Peer 1: 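Pasting in a structure now, in structure tokens, and then I'll have a few things to ask.
Fair warning: this is a prediction, and the values are worked out from it, not measured in the lab. Whatever order the structure lists ligands and atoms in, that order sets their numbers, starting from 1. Values reported hereafter were calculated over all heavy atoms of this structure, with side chains retained and with hydrogens, waters and symmetry mates removed.
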Amino acid sequence: MNFDLTINPINDIEADIELIIIIDKNFKHRFVQDKKLLKKSGFKATQDETCLLIEKDRLYVGMDSLTSSNMRTAIASAIRSLSSAQYETLKVASYMNNPKCTAILRAMVEGAVLGAYSFDKYKTSKSEQSIAEIIISIEEYNEYSLDIKKCAIALNKGQITAEATNFTRDIVNITPEDCYPKTMANIAKDLAKDSSLECKILKPKELRAEKMETLLAVARASRHKPRVIHLTHKPKNPKAIITLVGKGLTYDSGGLSLKPADYMVTMKSDKSGGSAVLGIMKAVSEMNLDVEVHGFVGAVENMIGGDAYKPDDVLIAKNGKTIEIRNTDAEGRLVLADVLCYAQQEVQADYLFDYATLTGASVVAVGHYTSSIMGNADEPKDMMITAAKSSGELATKLDFNNYLKKTLKSEIADICNISNVRYGGAITAGQFLEEFIDENHKDKWAHIDIAGPAFVEHVWGENPHGASGAGVRITLRMLEKLARG
Ligand code: BES
Ligand code: ZN
Ligand code: ZN
């Protein structure tokens with residue numbers, strides 16, 4: 001999808017279809033000529049509601065009020081409504097509420113790219129999105145001496161962000177038969193080939209040498225050998241050094257603590273954290289952000305078999321801590337434990353974030369649309385919360401506490417991999433990870449449980465059925481801010 005910015009009046013632009021956004025529910029604004037028709041068709045201009053006047057080549061979409069998040073979902077809905085139509089070019093006015101603020105413009109671009117996404121790799125007949133070009137007129141802001149360069153930058157950032165999100169969605173949506181640890185490593189290698197990113201892959205031999213025995217134990221019963229990926233973006237004088245760690249369970253059957261049938265479907269999405277890290281690294285390099293970013297992914301498949309790790313095993317993590325296994329389905333934290341230790345050994349970072357579809361309890365706590373942010377220190381958590389607000393993603397904090405921490409106690413090892421109480425599972429998982437954060441990273445770390453929003457089986461806002469690319473947009477906003485200094 002291409003975007004053109006122009007100062008030409010909207011009526012002078014040639015396009016197959018025009019998109020008109022109705023914010024005023026009384027239709028008092030321009031384009032009164034269609035007022036009657038819109039009324040007749042029952043169009044109420046509620047948020048995301050669309051109405052295509054086919055003979056006029058005009059598409060209307062409603063919006064409750066002019067905000068970035070409303071813009072994102074309205075445009076996504078409009079683009080989606082054209083998915084089976086034959087229009088190639090679309091024109092739209094910019095609707096910026098403030099000529100100095102390009103946020104609405106960026107949201108418009110993001111909404112279009114995110115809304116146009118569809119995953120049809122496994123469909124025999126593909127439904128190609130026909131809109132190839134969107135022309136945005138910023139004519140009405142001319143008198144404010146609008147900075148067209150600033151608009152172009154916002155457009156470009158929006159496009160990179162949304163395309164990286166779609167890139168992540170694609171990886172997550174691919175089946176476990178087609179995407180296993182080696183595949184994820186190859187995706188990372190391909191990213192590095194086409195960019196300035198550096199890529200290092202650790203195979204089982206290196207993982208053993210690095211004493212990543214808990215990760216290896218989780219991987220053991222699978223025919224697909226594990227990989228740890230390390231991608232690096234290294235500008236000359238970076239404003240900060242940031243490490244990102246992602247859970248890349250290419251399939252989570254639960255292991256010997258086997259998941260019930262209903263809970264196993266969609267577990268191809270357990271690689272969402274790792275896939276988000278890959279998407280973020282792609283965008284960071286495309287934006288050439290002035291921050292050093294290290295992306296680590298623990299790519300593993302959790303299966304059953306004669307060689308599987310078991311409840312009752314005691315494993316030794318990379319940092320020497322012993323873990324009593326009481327449930328092999330709490331595998332993500334085991335993989336992350338080792339990868340977090342490895343990442344901290346390799347990089348002394350200013351901030352450390354991890355992304356994981358870690359617990360069903362996070363979904364119970366905050367619902368399907370929101371990520372849970374946890375950690376010991378306020379600063380990294382608040383950075384994420386602030387970044388979320390402009391990104392289009394939802395995130396909320398869950399506080400750690402000492403009562404829940406005690407429920408991870410083991411009688412025979414340093415810690416258990418599950419808590420001994422029924423509730424608070426998102427927090428206990430976060431507090432388990434805390435055990436693998438070094439003293440000098442303690443106040444620099446935040447854990448993001450994306451189990452809710454990473455994979456949702458219906459359309460919501462600008463997100464499609466299936467993978468949403470959760471974590472990508474929020475993190476890019478945060479990194480962009482750090483890069484500005
Ligand atoms: N990958 C799952 C968590 C999950 C659940 C992600 C639903 C997305 C949607 C994780 O590995 C898991 O199985 N966690 C267990 C932990 C339990 C055994 C303490 C869970 O949430 O039930
Ligand atoms: Zn699991
Ligand atoms: Zn899992």
Peer 1: So, are K271 and D252 salt-bridged, with charged N and O less than 4.0 Å apart?
Peer 2: no

Peer 1: Using 30° and 60° as the class boundaries, would you call the ring planes of Y342 and H230 parallel, tilted or perpendicular?
Peer 2: perpendicular

Peer 1: For atom 9 (C) of ligand 1, what's the nearest protein heavy atom and its distance?
Peer 2: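 Answer, as residue, atom name and distance: M267 CE, 3.6 Å.
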
Peer 1: Write out the residue and atom name of the closest protein heavy atom to atom 2 (C) of ligand 1, then the distance separating them to 0.1 Å.
Peer 2: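 Checking every protein heavy atom, the shortest distance to atom 2 (C) of ligand 1 gives D252 OD2, 3.6 Å.
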
Peer 1: Starting from atom 20 (C) of ligand 1, which protein heavy atom do you reach first, and at what distance in Å?
Peer 2: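 The protein heavy atom lying closest is G360 N, 3.9 Å.
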
Peer 1: Which atoms from ligand 1 have a heavy atom of R333 less than 4.0 Å away?
Peer 2: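 Listed by number with element: 16 (C), 19 (C).
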
Peer 1: With a 6.0 Å cut-off (strictly less than), is the heavy-atom count around NZ of K211, excluding the residue itself, greater than 12?
Peer 2: no

Peer 1: Among the N/O/S atoms of E331, select the one at the shortest distance from the Zn ion (ligand 3) and name it.
Peer 2: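 This residue's closest N, O or S atom turns out to be OE2.
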
Peer 1: In terms of residue, atom name and distance, what is the protein heavy atom nearest to atom 1 (N) of ligand 1?
Peer 2: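 Of the protein heavy atoms, D270 OD1, 2.8 Å lies nearest.
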
Peer 1: Report, in ascending order of atom number, the atoms of ligand 1 lying under 4.0 Å from any heavy atom of E331.
Peer 2: 11 (O)

Peer 1: Answer yes if the side chains of T165 and Y117 hold a donor-acceptor pair under 3.5 Å, and no otherwise.
Peer 2: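 Per modelled atom types, T165 and Y117 side chains form no pair under 3.5 Å.
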
Peer 1: Does L249 bring an N, O or S atom to within less than 2.8 Å of the Zn ion (ligand 3)?
Peer 2: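 Within the cut-off used here (under 2.8 Å), L249 places no N, O or S atom near the Zn ion (ligand 3).
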
Peer 1: Could you tell me the residue and atom name of the protein heavy atom closest to atom 19 (C) of ligand 1, and the distance to it rounded to 0.1 Å?
Peer 2: I418 CG2, 3.5 Å

Peer 1: Looking only at protein heavy atoms, which one is nearest to atom 10 (C) of ligand 1, and how far off is it?
Peer 2: L358 O, 3.3 Å

Peer 1: Looking only at the side chains, is there a donor atom on one of N463 and R169 sitting less than 3.5 Å from an acceptor on the other?
Peer 2: yes

Peer 1: Scan the protein's non-hydrogen atoms and note whether one is under 4.0 Å from atom 22 (O) of ligand 1.
Peer 2: no

Peer 1: Among all protein heavy atoms in this structure, tell me which lies nearest to atom 6 (C) of ligand 1, with the distance rounded to 0.1 Å.
Peer 2: T357 O, 3.7 Å

Peer 1: Check the side chains of N302 and S253 for a donor-acceptor pair under 3.5 angstrom, ignoring hydrogens and angles.
Peer 2: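 Side chains of S253 and N302: no pair found under 3.5 Å.
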
Peer 1: Determine which of the N, O or S atoms in D270 is closest to the Zn ion (ligand 3) and give its atom name.
Peer 2: OD2

Peer 1: Considering only NZ, NE, NH1 and NH2 on the basic side and carboxylate oxygens on the acidic side, decide whether E462 and R473 come within less than 4.0 Å.
Peer 2: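 Looking at E462 and R473, the cut-off is met.
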
Peer 1: Assess whether salt bridge (charged side-chain N to carboxylate O under 4.0 Å, His left out) is satisfied between K225 and E301, documenting all intermediate values.
Peer 2: CA-CA 8 Å; K225 298 298 157 223; E301 190 181 56; over 6 Å; no

Peer 1: N/O to N/O below 3.5 Å, does that happen between T359 and ligand 1?
Peer 2: no

Peer 1: Only N/O/S atoms count here: what is the atom of D252 closest to the Zn ion (ligand 3) called?
Peer 2: OD2

